[in-house]
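Encoded as structure tokens, the structure appears first; notes follow it.
Quantities reported herein were computed from a predicted structural model and do not represent experimental measurements. Letters go in sequence order (proteins before strands), and every chain restarts at 1.
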Amino acid sequence: MLELALGIILGGCAVGAGLAMIAGVGPGIGEGNAVAKACEAIGRQPECKGDVTSTMITGCIIAETTGLYGLVIAILLIFVAPRQFVNVLMETLAK
Amino acid sequence: MSTKSRRFMAVDILLLVLAILPLVAVMVLKILTAPPAEGISITGAQVYFTLDTPIQPLPITEAQVNSVAVIITIFFLCLYLTHGISATPVTKRQLITEWIVEKCRNMVKENMGDYFSGFAPFIAAIMGLSALSSLLSLLGLFPPTSDLNIVAGWSILVFSLITYYKFKAGPVHYLKSYAEPVPFLAPMNIISEIATPVSMAFRHYGNILSGSIISVLIAAALGGLSQIVLGWLPGILGEFPFLRIGIPAVLSLYFDIFSSLLQAFIFATLTMMYISGGFPQSEFEARRARRQAKKVAKIQASKEKLKNRS
């Protein structure tokens with residue numbers, strides 16, 4: 001029974017980490033759009049390349065935030081969560 | 001003349017040595033205290049010792065020690081760069097220093113406006129600290145920015161600055177800004193207020209940490225791959241991971257150097273944007289003008305009183 005519980009904990013953490021990384025889809029599409037538009041703008045007006053690039057980088061960074069939330073959740077689920085969940089399980093079993 | 005220049009040289013060398021010494025000390029500390037590693041493992045910052053405080057035991061970790069070392073290094077580097085500065089530049093060092101200062105001032109002025117031009121040293125400090133902390137991974141040390149606690153500390157500092165400047169135009173205006181556009185949305189506004197430092201900290205920490213995790217994973221994968229491909233070689237040649245030579249360095253170029261410098265720039269840019277964006281300039285000026293008018297009216301009134309009395 002303990003093996004089953006441990007398996008569910010570890011498997012759940014791994015599946016959850018994988019699902020959390022779906023958050024990477026949105027920023028990928030959004031940043032792709034931003035860079036495409038920036039390329040168009042530079043092609044139209046090559047003299048304002050510096051301004052366009054710095055504005056684009058700032059926008060990309062803001063758009064990246066949601067993806068990074070997903071990444072942090074995935075990292076926590078893989079490296080931190082299993083140990084804590086197993087500790088909780090052991091404490092409940094010891095009672 | 002020669003004695004003076006010799007003394008100048010001696011101070012120069014002393015400052016450089018003092019700048020490099022903390023990094024060397026941290027490296028020696030790491031080599032002495034690192035636990036024997038079996039294979040490749042991904043762990044957080046190593047805890048050196050734990051302080052007993054009345055509230056809670058306070059662990060002193062690698063991240064804190066490394067960030068203090070970086071602070072000392074930056075301090076002595078600044079002393080070295082500004083040593084022997086004169087009104088007419090004679091050394092290359094002074095030209096470099098002036099270039100850095102000029103760039104920082106221009107950037108702050110462009111992004112924050114004239115009112116905040118005094119912010120240049122703070123922004124430069126945050127940028128230099130962040131960049132050098134992340135670049136520590138080039139020396140094989142634990143970069144303090146891949147520990148959430150360090151970066152969260154910086155973002156709390158930035159958050160308190162943002163709140164201070166929002167508060168500056170008057171407490172009523174600050175509280176009113178939560179009830180916009182309708183009072184019903186106040187909880188959302190509070191959440192978005194708290195999300196600012198959280199997202200700043202997570203962005204910096206997530207980028208640096210994910211870079212180091214990917215580097216470690218690729219190093220492990222290359223070790224396994226070279227054992228499959230070149231494992232048939234006799235003796236120790238078969239066990240040596242040849243594919244690990246050189247290939248991770250290309251990735252390190254992106255993850256360690258480019259990403260670190262970009263994240264430092266981003267943290268500074270966001271700091272500037274949030275602080276200058278949260279400051280209600282027109283409201284602040286209107287309030288100041290009202291106060292000035294009140295003061296002038298008071299003086300006028302007292303003058304008239306004096307006139308009447310006489």
Hey, can you pull the donor-acceptor pairs under 3.5 Å for the side chains in residues 135-149 of chain B, sequence neighbours left out?
residue	atom	partner	partner atom	Å
B:Ser137	OG	B:Ser134	O	3.1
B:Ser137	OG	B:Asp256	OD1	3.2
B:Thr145	OG1	B:Ser134	OG	3.1
B:Ser146	OG	B:Pro143	O	3.0
B:Asp147	OD1	B:Asn149	N	3.0
B:Asp147	OD1	B:Asn149	ND2	3.1

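With B:Ser67 contributing its side chain and B:Gln64 its backbone, the two residues share a donor-acceptor pair below 3.5 Å. Between the B:Ser252 side chain and the B:Pro248 main chain, no donor and acceptor come within less than 3.5 Å of each other.
Heavy atoms closer than 4.5 Å to chain A are found nowhere in B:Met200, neither backbone nor side chain. In this structure, the portion of A:Ile75 lying under 4.5 Å from any heavy atom of chain B is its side chain and not its backbone. At a 4.5 Å heavy-atom cutoff, the contact between A:Thr58 and chain B is made by side-chain atoms alone.
Rounded to the nearest 0.5 Å, atoms CD1 (B:Ile60) and CG (B:Leu58) are 4.5 Å apart.
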